[in-house]
Amino acid sequence: MKRDGGGAPAQEPCPDTLATHLSALGVDGGAVDLYVALLTDRPAPPASPGARRALLALGLAAEVPAGEGDGDEGHGGDGHGERDPVGGLVPVPPASALELLSRRETLRLEEARLAVARAYERYRRRTPSAVGGSVAEEVTGGDIERVLGEALGGARREVLRFDSPPYFWDTERGAKEEVGQLRRGVRYRVVYTRESLARPGYLTENVQPCVDAGEEARVVSGLPVKLMVVDDRVGFVSMSIADVDVSRSMLVVRPSALLAALRALFEAYWDRALPVHPDSGAAAPGGARPGPAERRILAMLVAGVPDSQIIRELGVSRRTFFRRMELLMAQAGAGSRFQLALQAQRRGWL
């Protein structure tokens with residue numbers, strides 16, 4: 001083993017460790033193997049043209065002039081002299097090459113850092129529940145439907161929603177997606193306004209399929225804002241209902257005191273709202289349970305839907321509608337529509 005001028009032993013480089021260091025500097029595999037063979041006792045691999053060109057381009061090796069390195073004259077026969085060139089190359093002082101490689105890898109690392117940072121920023125915008133960042137940010141225009149859809153698609157436990165026009169998305173498609181999530185075990189609690197249920201076809205085409213799939217639905221006369229909370233990890237709230245058409249924007253709210261306040265607002269309206277539909281089909285006390293058509297009449301009646309709208313939704317004549325109303329009032333022992341609504345709620349018909 002050779003010793004330096006101070007007498008300390010100069011250890012032979014470990015080929016595997018040397019190869020790891022070279023790879024970390026961005027030297028490709030074939031060039032690494034060839035260069036390690038130049039510097040150590042490791043057997044030389046077949047010198048591919050690409051590996052030779054790489055070492056020459058990096059300045060880690062030089063070509064041996066023709067006629068040099070042939071035979072073993074001057075090298076001694078005991079294996080302790082200079083090694084014959086490998087692949088027609090000899091190593092040269094690597095300082096300049098290592099500086100170049102280091103700078104190149106620094107640039108690559110910076111590019112990787114920027115790429116990851118940009119990817120996270122896209123993730124944060126796409127997934128508003130991402131940790132960090134501001135408590136709330138504004139989403140406008142066409143981004144509203146996209147961000148809402150992505151948040152709902154990630155729902156795992158519970159979705160709370162105020163449902164009131166105007167709508168930012170395709171409500172029929174939204175109902176189909178909700179039904180799918182309900183079947184996967186996601187709980188939905190929705191507070192509708194009378195205006196929602198009075199829209200032609202909305203009750204039968206959007207609300208009813210969701211309720212039949214397990215949505216818990218209630219109705220109030222009006223709501224102050226549009227609101228949705230997903231798994232207590234992200235919330236969406238509009239400006240006032242009156243301003244929604246003008247502003248076309250919503251705030252995306254991340255876990256914070258503000259998100260807790262939005263949930264409390266939902267719970268306050270949920271507690272005061274009337275049920276739209278039962279959770280089960282079990283018979284209620286006080287008489288036989290009305291059929292599906294009669295329960296739809298009751299749901300719209302409680303929601304304040306006008307008679308003319310109820311008749312159109314049911315597709316029946318005025319005479320049939322009023323006859324069903326009389327039968328319902330008689331069954332509930334009610335003397336007015338207000339009493340019918342109260343009795344229907346108490347008996348679990350809603």
Side-chain angles (χ1 to χ4, degrees), residues 116-140 142-164 167-193 196 202 205-220 223-238 249-271 273 275-281:
V116 171
R118 286 193 293 266
Y120 177 79
E121 181 62 21
R122 289 193 295 270
Y123 164 77
R124 187 185 68 80
R125 291 181 178 276
R126 186 176 65 250
T127 310
S129 60
V131 177
S134 59
V135 169
E137 66 176 298
E138 185 179 19
V139 179
T140 61
D143 288 336
I144 294 177
E145 181 175 1
R146 176 183 60 79
V147 174
L148 285 173
E150 290 170 350
L152 283 171
R156 295 293 179 267
R157 184 172 53 84
E158 181 181 52
V159 175
L160 312 176
R161 190 175 82 237
F162 283 170
D163 187 294
S164 179
Y167 296 100
F168 294 128
W169 60 87
D170 183 336
T171 54
E172 184 174 352
R173 187 185 70 186
K176 291 179 180 178
E177 292 174 353
E178 179 182 330
V179 168
Q181 288 191 313
L182 286 163
R183 289 173 178 167
R184 291 194 297 272
V186 178
R187 183 187 186 192
Y188 270 76
R189 289 195 287 152
V190 184
V191 177
Y192 295 91
T193 62
S196 298
Y202 194 71
E205 297 172 10
N206 295 82
V207 179
Q208 194 72 44
C210 294
V211 170
D212 290 342
E215 176 188 283
E216 300 168 51
R218 296 187 181 184
V219 62
V220 293
L223 292 167
V225 293
K226 296 182 74 66
L227 172 68
M228 184 169 68
V229 178
V230 180
D231 290 338
D232 284 335
R233 63 180 175 83
V234 60
F236 300 87
V237 61
S238 71
S249 65
M250 296 192 80
L251 285 179
V252 180
V253 183
R254 299 183 180 82
S256 59
L258 177 57
L259 184 59
L262 293 179
R263 183 185 179 99
L265 176 65
F266 175 87
E267 298 294 354
Y269 273 86
W270 178 261
D271 289 342
V276 171
H277 198 278
D279 292 330
S280 68

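Given the structure is predicted, the values throughout are model-derived calculations rather than measurements.
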Does a salt bridge link Arg189 with Glu267, judged by any charged N lying under 4.0 Å from a carboxylate O?
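Salt bridge flag = yes for Glu267 with Arg189.
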
Glu178/Arg173 salt bridge by N-O under 4.0 Å criterion:
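Answer for the salt bridge query: no.
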
Does one side chain, of Tyr188 or Glu216, offer a donor that lies under 3.5 Å from an acceptor on the other?
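No.
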
Regarding Asn206 and Tyr192, is there a side-chain donor-to-acceptor distance under 3.5 Å anywhere?
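Checked: Asn206/Tyr192 side chains show no N/O donor-acceptor pair below 3.5 Å.
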
Under the criterion side chain to side chain contact (heavy atoms under 4.5 Å, CB included), I'd like the reasoning laid out for Val219 against Val191: C-alpha separation, chi angles, the key distance, then a yes or no.
CA-CA 5 Å; Val219 62; Val191 177; over 6 Å; no

Are Met250 and Val252 close enough, and set up right, to give a side chain to side chain contact (heavy atoms under 4.5 Å, CB included), and what steps lead you there?
CA-CA 6 Å; Met250 296 192 80; Val252 180; 5.9 Å; no

Working to the nearest 0.5 Å, report the span between [atom1] of [X] and [atom2] of [Y].
{"X": "Ile144", "Y": "Ser249", "atom1": "CD1", "atom2": "OG", "result": "6.5 Å"}
{"X": "Asp232", "Y": "Leu262", "atom1": "CG", "atom2": "CG", "result": "10.5 Å"}
{"X": "Cys210", "Y": "Arg161", "atom1": "SG", "atom2": "CZ", "result": "7.0 Å"}
{"X": "Arg254", "Y": "Leu259", "atom1": "CZ", "atom2": "CG", "result": "11.0 Å"}

Are any side-chain N or O atoms of Gln181 and backbone N or O atoms of Glu158, one a donor and one an acceptor, separated by less than 3.5 Å?
no

What verdict does the side chain to side chain contact (heavy atoms under 4.5 Å, CB included) test give for Lys226 and Phe162, after you've listed the backbone C-alpha separation in whole Å, the side-chain angles of each residue and the deciding distance to 0.1 Å?
CA-CA 6 Å; Lys226 296 182 74 66; Phe162 283 170; 5.8 Å; no

Test item: Glu137 and Leu251 side chains (from C-beta on) under 4.5 Å apart, heavy atoms
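Of all side-chain heavy-atom pairs linking Leu251 with Glu137, none is under 4.5 Å.
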
